[in-house]
> 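Structure in structure tokens, see below.
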Protein chains: 2
Amino acid sequence: MADGLNERSQNILEAIVEDYIASAEPVGSRAISRKHDFHLSPASVRNVMADLEEMGLLCSPHTSSGRIPTEKGFQYYIDTLLDVRDLNRNEKQNLRNSYRFQNMRMEDIMQEVGRVLSGLSQYTGLVMAPKFISTVFRQIDFIRLSQGQLLMIYVSETGLVQNKVIEADPSLTGSDLERISNYLNSELNGLSIQEVRTKLNRELQEDRIHYDKLKKQAFNLSCAALQGEIEDQLYVSGASLMLEQPEFSTPEQMKRLVHAFESKKILIELLDRGQSARGVQIFIGSESSQVDLEGCSLITSNFSNQKGAIGTLGVIGPVRMNYSQVVPIVDFTAQLVSRVLDLEIEKN
Amino acid sequence: MADGLNERSQNILEAIVEDYIASAEPVGSRAISRKHDFHLSPASVRNVMADLEEMGLLCSPHTSSGRIPTEKGFQYYIDTLLDVRDLNRNEKQNLRNSYRFQNMRMEDIMQEVGRVLSGLSQYTGLVMAPKFISTVFRQIDFIRLSQGQLLMIYVSETGLVQNKVIEADPSLTGSDLERISNYLNSELNGLSIQEVRTKLNRELQEDRIHYDKLKKQAFNLSCAALQGEIEDQLYVSGASLMLEQPEFSTPEQMKRLVHAFESKKILIELLDRGQSARGVQIFIGSESSQVDLEGCSLITSNFSNQKGAIGTLGVIGPVRMNYSQVVPIVDFTAQLVSRVLDLEIEKN
DNA sequence: TGTTAGCACTCAACAGAGGTGAGTGCTAAA
DNA sequence: TTTAGCACTCACCTCTGTTGAGTGCTAACA
């Protein structure tokens, strides 16, 4: 049905969407007829507009105002009319230069990426670090904090450091711990946490019979350390830029947005949805089914290293977002970050 | 001069401040004369109000409105009229129960404290973790990330984990690194970073003569690792609660606040100012000299462990803040956190 | 002398009226 | 099929008058 649009209708829809993206104001027939040389009078444009409205691609806030695209209209625009040009060599180089990844910890890289994404797009940048469970084991360390408490320090292949406090048998001595971590480090090297977990479960069952005390303790400890959920790291940059957008100019909308950005759960949930897909993904408005994010669109892409650790980055802006500008930035940044993560290993 | 207030003026000032704290609206003479039984007519109250206005303790937004306290008025109220009652046994227990510190990493504790502070006060909770430089050395570890890059992992006495990427001589082998970290761990144990730094500088000079290669490499590495600035950790909780306050209800003020909360620098600077003091401190409004924080007051207290690592926690709210409620919460929470940090060591 | 009633005055806030202009839908002519 | 013309709509602005809470001043009172 939506594809039954003839060329003229498509052109007018595109013009309306783009005018609206630029101005954030309802677009009238006169403006379309003048600015774009379709050689059509306002009246003819109005006829087309009425058709588009009937199809649910446009709507008017009130009888005597211009039209604004509906979410369905934006969806059609993105699916059919938007041409995403690749960045040219120059722009790519500029983007590369915006990032400084030298001697940076994983956290710093993520934060930097968020900052740059937000700075370039003038919307809000989001970066979700690779999930703990998808990272590849590199090293584990145990440090006694108090009688019954150990601090576990875990380092992934890419240099991501996680730590966690676990309870442990107080009778374990320092050298016990050292032997245990040495054992685990040789045993688990190169496995993803996912794989580590299945290995642990398997071995724990077998070892119940063999009764090697060291192994048993080692596996028990690492079970405690690597089991439970470790919450996702989400970096939000430039939240205040969103408040400059006219669609979020009322106090109520500002509160809603700030709340959404503050309780990162909402965003993490949203970003998770795109984790399985490849390439750039666009979530429009109410697709998110998050009341607090009404009126927002999200452009994301996953980045990953060759070992399969997947993170997500993106930009969140108003539905009336400049997709043709932001999509290539998100796309190329994801490629860039993927490469940086692999470099950290390859140079190894 | 301000202390030349007679009892009646003080009573009326107190009544006005407290009414204003409760209502956020200018307070009129009639309301004061009725709600509080001073046995004074509105006209008499007005006379006193006129005096207080002349002293700069009150002001009126316009000729025919009630009075609101000026910052000076709030200052006087806090210095002279505010009686901060201690929490009773019951309230203390409740507060203790609000916190769950079991098996928590330093970061989690800080975040939890911020959340609870914000939840109890209904304003915004701030927690600044002890500065890296003030923490006490416990353990250091080096992990090779790539040819020329090492990941340094540092653990403090209290279980605070810091990591940093440093450049290093690619010829160092794994066992070199192990020996170096063993050496440093025995050598630097129990010193604060501050002390470590002076020790390193001293030894580096002496060792230039003795030419012990291991030592030299060890000190060089730890210098690179522990030197530069490590940015302060600041946890902001409940920023959106501030947006509910009527003084920040316009879009402009919301933007200002969100911006201030987002660029944590502003807040860190402010919290740093109180680091040397003991007990609860109150910064009122423009004292902060931060445009973005106009109209805000800050109640802070430091927490510390016996080894001298100092952090700061507090609540930021409108100048029209419920001081008598929030001050004891901040005070007792700081004591609580101090005790928790010491426990982590003592149990040791 | 301190307190209070009375009174004229001020001003934010609200509501209604009227004008303006950008935009629409419909109709009939080109 | 396109377009000119026209009546109509409605957000937005400005102007106006009303209301009410609150003030300062003054004169009378205890």
Side-chain angles (χ1 to χ4, degrees), chain A residues 4-13 15-17 19-20 22-70 73 246-247 249-251, chain B residues 4-13 15-17 19-20 22-70 73 246-247 249-251:
Chain A
L5 288 191
N6 57 31
E7 200 182 328
R8 176 197 288 179
S9 309
Q10 288 199 344
N11 287 338
I12 288 181
L13 177 58
I16 292 173
V17 171
D19 271 25
Y20 181 64
S23 71
E25 305 261 284
V27 183
S29 55
R30 219 174 99 88
I32 293 297
S33 136
R34 268 205 304 192
K35 274 194 251 169
H36 306 261
D37 40 356
F38 298 140
H39 304 294
L40 286 178
S41 75
S44 306
V45 175
R46 281 206 287 280
N47 285 330
V48 177
M49 281 171 142
D51 295 347
L52 292 171
E53 177 158 6
E54 204 170 348
M55 291 184 208
L57 300 173
L58 296 180
C59 67
S60 44
H62 53 86
T63 13
S64 71
S65 77
R67 303 303 212 293
I68 61 180
T70 59
E247 31 267 278
S249 63
T250 72
Chain B
L5 288 189
N6 57 31
E7 201 182 325
R8 177 198 288 179
S9 309
Q10 289 199 341
N11 286 339
I12 288 181
L13 178 58
I16 292 173
V17 170
D19 271 26
Y20 181 64
S23 72
E25 306 259 284
V27 183
S29 54
R30 218 173 103 87
I32 293 295
S33 135
R34 269 206 304 194
K35 274 194 248 165
H36 306 260
D37 40 357
F38 298 140
H39 304 296
L40 285 179
S41 75
S44 305
V45 174
R46 280 205 289 280
N47 286 330
V48 177
M49 281 169 143
D51 295 346
L52 291 171
E53 178 159 7
E54 203 170 347
M55 291 183 208
L57 300 172
L58 296 181
C59 67
S60 43
H62 52 88
T63 12
S64 71
S65 78
R67 301 304 210 294
I68 60 179
T70 60
E247 30 269 276
S249 63
T250 71

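Throughout, protein chains are lettered first and strands after them, A, B, ... in sequence-line order, and every chain is numbered starting at 1.
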> B/Ser64 side chain: which of C/dT10, D/dT9, D/dT2 is closest?
C/dT10
> Atom CD of B/Glu25 to atom C1' of C/dA13: distance rounded to whole Å?
12 Å
> Just to be sure I understand the rule, does B/Ser65 reach a base, reach only the sugar-phosphate, or reach nothing, if contact means heavy atoms closer than 4.0 Å?
sugar-phosphate
> Side chains of A/Asn6 and A/Ser9: is there a donor and an acceptor less than 3.5 Å apart?
yes
> Give me the atom names and distance for the closest heavy-atom approach of A/Pro246 to A/Ser249.
O-OG, 3.0 Å
> To the nearest Å, how far apart are B/Ile16 CD1 and D/dT23 C1'?
13 Å
> From C-beta outward on A/His62, which listed nucleotide comes closest to its side chain: C/dA22, D/dA11, C/dT3?
D/dA11
> What's B/Ser29 touching, base or sugar-phosphate or nothing? Going by heavy atoms closer than 4.0 Å.
sugar-phosphate
> Among B/Leu57, B/Leu58, B/Ile68, find the one that has a side chain to side chain contact (heavy atoms under 4.5 Å, CB included) with B/Ile16.
B/Leu58
> Does B/Ser29 offer a backbone N or O that forms a donor-acceptor pair with the side chain of B/Ser33 under 3.5 Å?
no
> A/Leu52 vs A/Arg67, test: side chain to side chain contact (heavy atoms under 4.5 Å, CB included). Steps then yes/no.
CA-CA 10 Å; A/Leu52 292 171; A/Arg67 303 303 212 293; over 6 Å; no
> When you measure from the side chain of A/Ser60 to the backbone N and O of A/Thr63, does any donor-acceptor pair fall under 3.5 Å?
no
> Tabulate atom names and distances for all N/O pairs under 3.5 angstrom spanning the protein and nucleotides 24-30 of chain D.
from   : atom 1 : to      : atom 2 : distance (Å)
D/dG24 : OP1    : B/Arg67 : NH2    : 2.8
D/dG24 : N7     : B/Arg46 : NE     : 3.2
D/dG24 : O6     : B/Arg46 : NH2    : 3.1

> Grab the CG-P distance between B/Asp51 and C/dT3 for me, whole Å please.
11 Å
> Rounding to a whole Å, what distance do you find between B/Tyr20:OH and D/dG22:P?
15 Å
> Considering only C/dC11, C/dA22, C/dT4, which nucleotide approaches the side chain of B/Thr63 most closely?
C/dC11
> Rounded to whole Å, how long is the line connecting atom CZ of B/Phe38 with atom C1' of C/dT4?
17 Å
> With side chain to side chain contact (heavy atoms under 4.5 Å, CB included) as the criterion, how do B/His36 and B/Asn11 come out once you've worked through the C-alpha distance, each side chain's angles and the decisive distance to 0.1 Å?
CA-CA 10 Å; B/His36 306 260; B/Asn11 286 339; over 6 Å; no
> Separation of B/Ile12 atom CD1 from C/dG2 atom C1', in whole Å?
13 Å
> So, OP1 or OP2 of D/dG20: does either fall under 4.0 Å of a side-chain N or O from B/Arg30?
no
